[in-house]
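Data block below; observations after.
Proteins get letters first, then strands, A, B, ... in listed order; numbering begins at 1 in each.
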Amino acid sequence: MTALDSFREETRAWLEENCPASMRTPMPEREMPWGGRKASYPNPDTKTWMDNMASRGWTAPTWPAEYGGGGLSKEENKVLQEELGRIKARPALTSFGLWMLGPALLEFASEEQKKKYLGEIIRGEIRWCQGYSEPGAGSDLAGLQTKAEDKGDHYLVNGQKVWTSYADQCDWIFCLVRTDTSVKHDGISFLLIDMDDAGVEARPIKLISGASPFCETFLTDVKVPKENLVGELNKGWTIAKRLLEHERSMISGMGMGAGAASMGGMEAVAKENFGADGDKIAEPGIRQAVAEHKMDQQAFGLTLKRAEAEAKAGQGMGAAASMFKYYGTEVNKRRFELLLDLMGTQALGWEGEGFDKRELAVTRSWLRSKGNSIEGGTSEVQLNVIAKRVLGLPDA
Amino acid sequence: MTALDSFREETRAWLEENCPASMRTPMPEREMPWGGRKASYPNPDTKTWMDNMASRGWTAPTWPAEYGGGGLSKEENKVLQEELGRIKARPALTSFGLWMLGPALLEFASEEQKKKYLGEIIRGEIRWCQGYSEPGAGSDLAGLQTKAEDKGDHYLVNGQKVWTSYADQCDWIFCLVRTDTSVKHDGISFLLIDMDDAGVEARPIKLISGASPFCETFLTDVKVPKENLVGELNKGWTIAKRLLEHERSMISGMGMGAGAASMGGMEAVAKENFGADGDKIAEPGIRQAVAEHKMDQQAFGLTLKRAEAEAKAGQGMGAAASMFKYYGTEVNKRRFELLLDLMGTQALGWEGEGFDKRELAVTRSWLRSKGNSIEGGTSEVQLNVIAKRVLGLPDA
Amino acid sequence: MAFVLTEEQTMLRDMAKDFFTEQVPVANLRKLRDEENADGYDKDVWKQIVELGFAGILIPEEHGGTGFGPMGLGIVMKEAGRTLAASPLYSTAVLGAGLIMAAGSDEQKAALLPNIAAGETLIALALEETNHHNPLNTAMTAEKSGDGFTLTGDKKFVIDGHIADTLIVVARTGGAAGDAQGLSMFLVDAKADGVSITRNHMVDSRNAASVSFGNVQVSADAVLGSLGGAYAELESSLDLARVCLAAEMLGGAETVFDTTLDYLKERKQFGVIIGTFQALKHRAAELFCEVEICQSVLLDALSALEERRNDTPRAASLAKARVGDALRLITNEGVQMHGGIGMTDAVDMGLFMKRARVQAQMLGDTNFHRTRYADLGGY
Amino acid sequence: MAFVLTEEQTMLRDMAKDFFTEQVPVANLRKLRDEENADGYDKDVWKQIVELGFAGILIPEEHGGTGFGPMGLGIVMKEAGRTLAASPLYSTAVLGAGLIMAAGSDEQKAALLPNIAAGETLIALALEETNHHNPLNTAMTAEKSGDGFTLTGDKKFVIDGHIADTLIVVARTGGAAGDAQGLSMFLVDAKADGVSITRNHMVDSRNAASVSFGNVQVSADAVLGSLGGAYAELESSLDLARVCLAAEMLGGAETVFDTTLDYLKERKQFGVIIGTFQALKHRAAELFCEVEICQSVLLDALSALEERRNDTPRAASLAKARVGDALRLITNEGVQMHGGIGMTDAVDMGLFMKRARVQAQMLGDTNFHRTRYADLGGY
């Protein structure tokens with residue numbers, strides 16, 4: 001028996017004992033284990049499962065054990081994920097700290113910072129949000145104006161962030177701030193701010209979909225201890241770029257196949273609404289539109305698979321992330337437009353009687369899909385990136 | 001009986017006598033009455049008709065009689081056109097001199113120049129071509145490099161023109177030349193050049209459609225008398241702009257409805273190729289595509305009519321010429337693409353057996369249509385113009 | 001064909017534009033929505049609309065209207081569309097007045113039209129039964145019973161259904177779903193026994209309702225138009241409404257385009273006004289062409305109605321489909337070009353986009369009208 | 001699924017790329033055209049193609065081929081497409097070899113495959129009878145006569161028809177136009193009595209012919225595949241050819257895209273490189289995405305053939321349709337972005353555009369394959 005085999009055996013036994021039964025069922029959105037000081041647990045098993053996993057560092061399986069991570073090798077982690085998949089276990093902790101901040105800290109932070117923050121993330125004690133965008137700087141992220149002035153032992157931070165995800169429910173925020181106004185990219189620093197500090201206020205933004213997953217976050221004379229600076233002063237852009245790449249690939253995969261799937265597939269929706277002529281969708285124009293869309297979708301799916309295969313083979317498609325972000329979000333928007341066409345008035349409900357849950361969800365998701373080609377770098381920015389980095393077209 | 005009535009009576013009688021019978025039949029392309037020193041007349045009636053009309057100045061009915069024009073009022077000209085239409089008379093003279101140069105001369109030329117050139121144009125003695133574009137300056141017309149140096153009694157012209165229509169069959173060329181290299185638009189002059197002069201050479205350009213309606217025209221140490229300058233020195237751009245507006249509106253109307261019409265209409269072609277289900281085109285995807293295109297075409301046609309009505313009412317649509325040029329040529333290109341889809345392999349012949357004349361004409365016209373969105377200002381240039389002049393969007 | 005407004009029409013347009021811009025801005029719709037207004041429209045605004053004569057714009061002077069005709073109605077609807085003005089104008093002054101004028105008996109006209117013009121009677125058309133517009137698919141039945149009829153069935157997407165005084169109900173007195181023959185229309189009191197109305201909350205925050213008819217008894221004089229042969233009368237009124245809807249839609253497209261253009265001229269990114277970016281310029285220029293093309297199509301369709309041209313149905317389908325396509329493109333571009341704030345409820349882009357999708361489904365979407373356009377074209 | 005080429009396949013691609021780029025550049029097609037070459041292909045080039053083993057790439061080694069399989073064939077066709085290389089590769093090595101391997105008896109294989117691999121026998125498929133591809137519409141008849149059959153009918157758009165030694169003729173031994181049942185295939189000597197072949201001059205300057213069969217007598221052993229049941233064998237071979245054609249088309253798309261990109265980087269207007277104009281940049285980036293998407297679709301379809309997957313027909317239709325759409329867009333943009341000189345015969349844009357439209361019609365255009373994709377998807 002290899003070491004890996006015994007690891008698997010041990011893992012399986014541990015999970016059997018420590019993963020509550022209710023954590024092996026599909027997860028409703030309200031039971032998402034975001035953690036943090038403001039968390040509530042409608043299902044107490046969520047907290048138990050999180051704590052159990054955190055106790056072994058398995059909420060961050062490959063992070064070093066010295067910071068509280070699992071310290072697992074790539075192979076061991078693969079086994080762990082397989083075993084989790086086998087019992088259909090829910091994620092024990094979902095968190096921007098795990099996905100975004102943690103990796104950046106591991107690469108750029110000081111030893112003290114790693115010790116302090118990584119453990120809190122792993123244990124789900126602190127919920128983090130991201131403070132990048134500002135009202136005046138959308139696509140032009142580096143145009144940010146939030147200022148951090150050196151006041152000897154602390155930075156005095158003033159400014160406004162926007163599109164901070166769930167900031168009203170978060171504990172800390174990792175921010176890009178301007179520490180030098182004479183240069184653009186080289187005057188940005190990466191700062192960690194406790195949202196309980198005086199002068200921090202998060203106001204939810206109501207979106208066209210009716211949801212408020214984002215906030216405006218106001219920073220007024222916030223005193224931030226100097227030890228909260230990550231990496232070198234004025235070198236925050238390097239960290240930001242690393243984090244952005246990650247964000248882009250997250251968004252391009254978003255929502256693929258969703259929407260129609262919940263309704264039983266685009267073809268089924270079409271037949272239900274327009275009838276079937278034998279096997280065929282009875283309305284020819286709709287049939288054509290469905291086929292055209294499914295072709296685009298399949299073609300995009302194949303391209304994602306090809307990118308994976310090429311990555312494995314050590315080949316790169318070049319600026320693949322930008323292409324996926326652009327094409328994926330555009331296909332996704334078209335899917336929802338088509339779904340609206342198929343469902344007719346039933347996709348136009350807002351709430352209340354006359355529409356079932358799935359129908360209402362389609363409407364909201366259609367509205368949400370419009371943001372896909374804006375957040376994480378607009379479609380226009382992605383096309384600029386492709387033109388410049390892949391095609392080598394010159395700047396004006 | 002009003003003066004107009006008696007004019008009509010007299011005109012009708014004159015036409016009856018002076019318009020040969022063969023000039024009242026549809027005109028094959030090879031009998032186009034371009035005039036000029038190199039003209040040949042496969043049908044001698046063409047020349048007779050031209051001469052008859054020219055004798056009354058009716059090849060240019062509204063030009064002043066003192067220069068050999070008809071001197072007709074707007075109302076009289078309307079009567080003349082109606083009477084010509086009534087007997088289905090062919091145009092007596094088709095000529096860039098009439099359409100483009102003449103109006104410019106009337107507005108900008110000296111008395112001597114008008115006397116000399118307008119009569120030649122009216123009588124079809126001289127065939128003119130236009131020397132604007134240059135190989136290095138396509139959309140950027142004002143970037144032209146052909147130089148005219150002041151040599152005391154003459155200009156010494158050196159350079160190369162391109163896209164000169166039928167230059168190999170023309171007698172004279174009206175050219176934009178650079179007379180000042182230190183400024184752009186204000187260093188351009190408008191010059192008339194006899195193509196029999198030493199140093200002028202026209203080489204036909206073969207197009208993808210197989211035709212050669214354009215030439216490259218080389219000007220090598222051509223001595224042009226100073227009296228051939230039209231308007232002021234370095235003020236040629238004003239004249240050019242006036243001529244360009246005219247050209248743009250000519251092109252946007254080009255080919256509307258052609259192609260499919262010769263085949264009996266888009267619907268007929270579709271039914272012939274895909275069969276009919278009752279009244280309907282049997283292939284649903286094709287039916288949708290035909291309907292979609294016909295909608296676009298009708299919508300564009302209505303817009304042309306609206307522009308006319310607004311012009312009459314003294315309202316302007318603003319940069320209408322650019323919009324028509326852009327939209328009209330794009331719709332025209334789509335029409336031919338659709339026609340190819342409908343006709344299948346029968347629209348893919350080049351020559352010889354297996355294809356009838358109309359089918360071969362569709363193929364050539366499809367290829368020709370691709371030039372519509374390039375000549376007379378590309379679609380891109382039109383969109384720039386709309387963005388700037390109509391929408392007031394700022395320059396970078 | 002009237003591609004240029006007459007002086008009278010220009011005055012009407014300017015009056016309507018001033019009124020809606022000043023008295024019924026988009027904020028009015030927000031207020032109705034945020035206050036969860038039970039009526040879904042502002043009664044004071046409606047009163048003003050009536051006073052301006054808009055409710056009776058189709059109705060001849062003899063019945064208390066202003067007799068401005070379809071062109072006038074289209075002009076007003078377009079201005080209403082520019083500010084997303086919520087009112088019973090479409091249900092009552094377009095559909096209601098249109099149907100009664102097209103199909104009503106002299107008695108019905110005399111009884112209803114003055115009340116409509118005076119804004120006192122609100123009408124709603126109860127037509128749709130499926131998720132997609134298609135009058136031929138009507139399955140609801142009206143069975144002969146004594147001197148009158150018994151109505152049974154369910155209707156949905158009844159615009160202004162829950163505030164209407166009188167419903168115009170399309171039901172079958174013969175034939176089966178799919179047949180043109182056998183369709184009849186009935187005037188039904190919204191408060192009649194057996195009529196049950198439920199307001200539906202739509203994405204555009206405007207009024208629509210589900211109405212169910214459980215053995216509703218109506219008398220013989222409730223029949224509107226020819227018994228069993230109402231399809232032609234219905235269709236001609238629907239074409240009027242489709243064109244007026246296209247007018248409202250084009251009004252919305254104009255606002256979105258204008259607002260977006262302004263935004264392109266003021267928003268800075270990377271240190272420059274984003275309107276200087278050529279890619280956005282070209283897209284804006286294309287949207288401009290779309291708006292202009294749609295103006296022509298709309299004016300032609302209104303003229304067709306005005307002049308009772310034979311090709312009115314085709315012109316109506318062209319207008320509804322072509323404006324529908326343009327509006328979808330323009331609202332999508334409006335949100336995209338506004339970037340992040342385009343996604344927020346605070347700016348109006350989302351409201352116009354939501355309204356656009358509801359308008360798209362009203363009286364047939366692009367697919368429906370493209371097919372109809374081909375049908376009418378004989379291919 | 002093989003989204004990444006193996007080392008062997010990479011070598012094959014590099015070899016093919018070098019060969020076509022150096023030995024068969026676009027100039028080769030121009031020469032054939034301008035000299036009005038009677039064969040429509042260069043025999044020396046064909047000899048080299050054969051020597052490289054490309055003619056026998058599908059054919060197993062036992063029959064003298066190299067047995068590289070569909071993926072190998074697709075790789076070579078794509079490179080041939082990049083230079084518009086004219087040769088009998090498609091008619092003979094793709095369609096001919098494919099059909100004989102799929103449907104031939106052992107004797108037929110042994111007789112024909114070695115000659116194909118050796119480049120000595122050229123094959124042409126005589127299938128189309130109407131302006132649009134549709135095998136089911138075959139009306140030409142083959143009547144039983146003695147031991148053999150009498151073929152009567154007209155075929156068109158027979159690729160390489162006038163240079164072929166052997167024709168594979170699709171005809172009906174039963175059923176009527178529209179039926180899958182009753183289709184048969186016959187091997188017919190191009191010089192047989194009653195066969196009359198006329199070369200057609202197509203817009204792409206490549207080979208196609210009309211072939212008429214006037215009571216052509218063939219023996220029983222001329223039947224290729226199952227008598228009256230050849231539809232399945234035909235379709236599976238056509239799918240192979242459709243995917244190889246998509247490969248050739250994508251090769252063309254790549255050249256047009258690369259050439260246009262180069263032009264954007266060198267052409268100056270208004271004093272600047274036109275590649276700095278953002279509107280053109282965005283369009284170029286979109287074309288890039290199209291090319292990349294098509295690469296995936298093509299590799300998947302070739303893998304499907306290679307692995308004899310059940311979804312091969314769908315993958316083939318996806319590839320032909322999706323690459324067809326992309327190629328139309330890219331050739332149109334190629335001409336437009338080149339401006340005036342894009343319209344001249346002197347640059348290659350026009351040649352690629354013309355070829356693209358012929359390829360679009362070969363074995364079914366986008367409309368055909370989109371419909372088929374839906375049919376196969378069960379909706």
Residue among A/Ala270, A/Ala276, A/Gly392 with most heavy-atom pairs under 4.5 Å to chain D: A/Gly392
Cation-pi check, D/Arg314 onto D/Tyr373 ring (under 6.0 Å, within 45° of axis): yes
Residue part contacting chain A, namely of D/Ile273, when any heavy atom lies under 4.5 Å: side chain
A/Lys280, part contacting chain D, at a heavy-atom distance under 4.5 Å: both
Ring geometry between D/His133 and D/Phe368 (parallel below 30°, tilted from 30 to 60°, perpendicular above 60°): perpendicular
D/Thr366-D/Arg328 side chain donor-acceptor pair, cut-off 3.5 Å: no
Residue among D/Thr276, D/Ile293, D/Val297 with most heavy-atom pairs under 4.5 Å to chain A: D/Ile293
Pairwise distance CE(D/Met249) to SG(D/Cys244) - rounded to 0.5 angstrom: 13.0 Å
Side chain / backbone / both / neither for A/Lys294 at chain D, heavy atoms under 4.5 Å: both
Contacting moiety of A/Ala313, where chain D heavy atoms sit under 4.5 Å: side chain
Part of D/Arg370 within contact of chain A (heavy atom distance under 4.5 Å): both
Choice from D/Gly377, D/Ala374, D/Ala319 maximising heavy atom contacts with chain A below 4.5 Å: D/Ala374
Chain D contact via A/Asp277 - side chain, backbone, both or neither, heavy atoms under 4.5 Å: neither
Atom CZ of D/Arg308 with >12 non-hydrogen neighbours under 6.0 angstrom: no
D/Gln181 CD: over 12 foreign heavy atoms closer than 6.0 Å: no
Enclosure of A/Asp356 CG (heavy-atom neighbours >12, cutoff 6.0 Å): yes
Chain A contact via D/Gln278 - side chain, backbone, both or neither, heavy atoms under 4.5 Å: side chain
More than 12 heavy atoms from other groups under 6.0 Å of CD on D/Glu266: yes
Chain A contact via D/Asp375 - side chain, backbone, both or neither, heavy atoms under 4.5 Å: both
Per-residue contact mode, D/Ser317 against chain A (heavy atom under 4.5 angstrom): backbone
Any donor-acceptor N/O pair, D/His338 side chain to D/Gly334 backbone, under 3.5 Å: yes
Distance (rounded to the nearest 0.5 Å) between D/Met71 CE and D/Ser303 OG: 3.5 Å
Leading residue by heavy atom contact count with chain D [cutoff under 4.5 Å; candidates A/Glu267, A/Met295, A/Gln298]: A/Met295
Partner chain D: residue of A/Glu330, A/Arg287, A/Gln288 with the largest heavy-atom pair count (under 4.5 Å): A/Arg287
Contact class of A/Glu380 relative to chain D, heavy atoms under 4.5 angstrom: both
